[in-house]
Amino acid sequence: MELGIIGMGKMGLPLALNGRDKGLDIVVHTTGVEKLAMLEREGVRGFARLEEFTAALRRPRAIWLMVPAGKAVDDTIARLLPLLEGGDCIIDGGNSHYRDSQRRHQELGDRDIHFLDVGTSGGTGGARNGACLMIGGDAAVYAALEPVFVALSGGMGCALLGPSGAGHYVKMIHNGIEYGMMQAIGEGLEILRHGPLPLELDRVTAVWQRGSIVSGLLLDVTAAALAREPGLESIQGIVAASGEANWTVEEAVRIGVSAPVIATALFSRFKSQDKLRYAEKTVAAMRREFGGHSVVADQGE
Ligand SMILES: NC(=O)c1ccc[n+]([C@@H]2O[C@H](COP(=O)([O-])OP(=O)(O)OC[C@H]3O[C@@H](n4cnc5c(N)ncnc54)[C@H](O)[C@@H]3O)[C@@H](O)[C@H]2O)c1
Ligand SMILES: O=C(O)[C@H](O)[C@@H](O)[C@H](O)[C@H](O)COP(=O)(O)O
């Protein structure tokens, strides 16, 4: 089967090579000249002009977007629309908000263009070798494209989970869970690092990988990082948050479900980005005021 892919970034590029390896006929659109040359050497057809890309695809077209969530998805769809025909399908494999996906499904449906929302997991390694795909949309549209999803998942998870929005809704909650699990691994290792015993944490994670209850992909990537650099000296403890866990916490509040682990993991990331540390300064100031306790002077940046 044929699949067009737009967005040759950290995920889209390995996804294209994965699809090629699994027997899909992959056609890509990117304006990156070097990427186009590299993909050509790899036997993947690519086009710098969107018109040439859409013209090269067989009808009905299936076009996978792997671009940042939000405006980039809407802009790409707007550029594609005049070049598409009824029965074509746009697949959004990025981390879009599920309500945006429901809106896009409706707007595109009004123009007889199909839309599937696909929560894609497994990071860049999953994109290259076999990703976990959480899919939302119409059953008939999914059925026609199922071979594409089975190929890209390469034996990993892949399923239609519900109507439009279901794929990105499930991925949103998945990422909240991811935050909690990552934070727990980080905190456990910090306790071990500051504890009384002279432990080598790369050896701890290596043994946990083999059959422990906390084994899994997140522990595997932790073990790989510690094997290279046990003290993680080259990394500042500042953690970004792309948005899915924010949405998970918003959703928990909206529907009145308690999710303290996910919320705390999200807030820990915010705190890691906080240079001002005004909350801690305030607490230190209060201790000085009511108890005469000493404070450490701020040395500035
Ligand atoms: N990196 C991951 O581990 C991972 C895993 C699963 C899902 N995702 C999601 O997949 C999507 C892509 O992630 P990524 O890590 O590959 O990002 P990336 O920044 O590495 O790549 C994004 C690509 O989109 C292109 N792009 C940006 N704006 C565009 C626009 N307006 N029109 C067309 N193309 C545009 C960029 O040129 C780039 O090639 C995001 O939604 C991300 O959240 C990322
Ligand atoms: O399942 C996955 O592969 C991950 O969930 C992935 O989709 C995630 O979006 C980014 O790796 C970083 O996300 P944060 O910036 O929110 O940590």
Side-chain angles (χ1 to χ4, degrees), residues 4-18 28-36 38-39 46-50 53-54 63-81 83 90-98 100-101 104 117-135 152-153 156-158 167-183 185-186 216-218 220-222 225 235 237-250 262-263 265-270 272-273:
I5 307 182
I6 297 178
M8 288 293 105
K10 292 187 289 297
M11 291 296 285
L13 186 60
L15 200 70
L17 298 175
N18 174 24
V28 308
H29 164 63
T30 172
T31 52
V33 181
E34 284 173 17
K35 278 183 184 160
L36 280 174
M38 187 276 271
L39 285 159
F47 296 91
R49 292 190 61 237
L50 199 59
F53 166 76
T54 50
I63 300 177
W64 183 297
L65 309 186
M66 213 58 191
V67 302
K71 191 173 178 309
V73 176
D74 281 322
D75 288 351
T76 307
I77 291 176
R79 287 170 56 229
L80 269 173
L81 259 181
L83 306 170
I90 294 178
I91 302 160
D92 180 8
N95 282 328
S96 295
H97 196 287
Y98 79 99
D100 284 336
S101 297
R104 289 167 188 144
D117 51 286
V118 180
T120 305
S121 185
T124 55
R128 182 65 185 86
N129 302 307
C132 172
L133 303 176
M134 304 150 234
I135 305 169
L152 292 178
S153 67
M156 296 296 161
C158 144
H168 283 148
Y169 190 85
V170 172
K171 181 62 172 26
M172 171 179 82
I173 304 305
H174 166 282
N175 279 30
I177 296 170
E178 178 182 303
Y179 272 46
M181 292 171 70
M182 290 170 76
Q183 187 68 24
I185 291 172
L217 197 148
L218 293 174
D220 289 348
V221 293
T222 309
I235 301 176
I238 299 172
V239 193
S242 300
E244 296 83 3
N246 308 46
W247 301 337
T248 304
V249 172
E250 283 168 18
I262 295 172
L266 176 66
F267 291 161
S268 295
R269 290 196 187 193
F270 292 166
S272 80
Q273 301 163 15

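Every value quoted in this text rests on a predicted model; they were computed, and no experiment measured them. Whatever order the structure lists ligands and atoms in, that order sets their numbers, starting from 1.
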Counting distance only, does the side-chain N/O of Asn129 pair as donor-acceptor with the main-chain N or O of Gly125 below 3.5 Å?
yes
Are the side chain of Lys35 and the backbone N or O of Met8 linked by a donor-acceptor pair below 3.5 Å?
yes
With a 3.5 Å distance limit and no angle check, can you tell me whether Thr124 reaches the backbone of Lys10 through a side-chain donor-acceptor pair?
no
Tyr169: partners by ring-ring contact (aromatic ring centres under 6.0 Å, His included), with sequence neighbours left out
Tyr98
Tell me the residues surrounding ligand 1, counting only those with a heavy atom closer than 4.0 angstrom, sorted by chain and number.
Gly7, Met8, Gly9, Lys10, Met11, Met66, Val67, Pro68, Ala69, Ala72, Thr76, Gly94, Asn95, Thr120, Gly123
Using a cut-off of under 3.5 Å, which N/O atoms of ligand 2 pair up with protein N/O atoms, and what distance separates each pair?
| from | atom 1 | to | atom 2 | distance (Å) |
| --- | --- | --- | --- | --- |
| ligand 2 | 1 (O) | Ser121 | OG | 2.4 |
| ligand 2 | 1 (O) | Glu178 | OE1 | 3.4 |
| ligand 2 | 3 (O) | Gly122 | N | 3.1 |
| ligand 2 | 3 (O) | Gly123 | N | 3.0 |
| ligand 2 | 5 (O) | Lys171 | NZ | 3.3 |
| ligand 2 | 5 (O) | Asn175 | OD1 | 3.0 |
| ligand 2 | 5 (O) | Asn175 | ND2 | 3.1 |
| ligand 2 | 5 (O) | Glu178 | OE1 | 2.5 |
| ligand 2 | 5 (O) | Glu178 | OE2 | 3.1 |
| ligand 2 | 7 (O) | Asn95 | ND2 | 3.0 |
| ligand 2 | 7 (O) | Lys171 | NZ | 2.7 |
| ligand 2 | 9 (O) | Asn95 | ND2 | 2.8 |
| ligand 2 | 15 (O) | Ser242 | N | 3.1 |
| ligand 2 | 15 (O) | Ser242 | OG | 2.4 |
| ligand 2 | 16 (O) | Tyr179 | OH | 2.6 |
| ligand 2 | 16 (O) | Ser242 | N | 3.2 |
| ligand 2 | 17 (O) | Arg269 | NH1 | 2.7 |

With rounding to the nearest 0.5 Å, note down the distance linking NZ in Lys171 to SG in Cys132.
9.0 Å
Contacts of His168 that satisfy ring-ring contact (aromatic ring centres under 6.0 Å, His included) - sequence neighbours left out:
none
Please check if the side chain of Gln273 supplies one atom and the backbone of Val239 the other of a donor-acceptor pair under 3.5 Å.
yes
Can you check whether Met172's main-chain N or O pairs, donor with acceptor, with Thr248's side chain at less than 3.5 Å?
yes
Checking Ser153 side chain against Leu133 main chain: does a donor-acceptor pair fall under 3.5 Å?
no
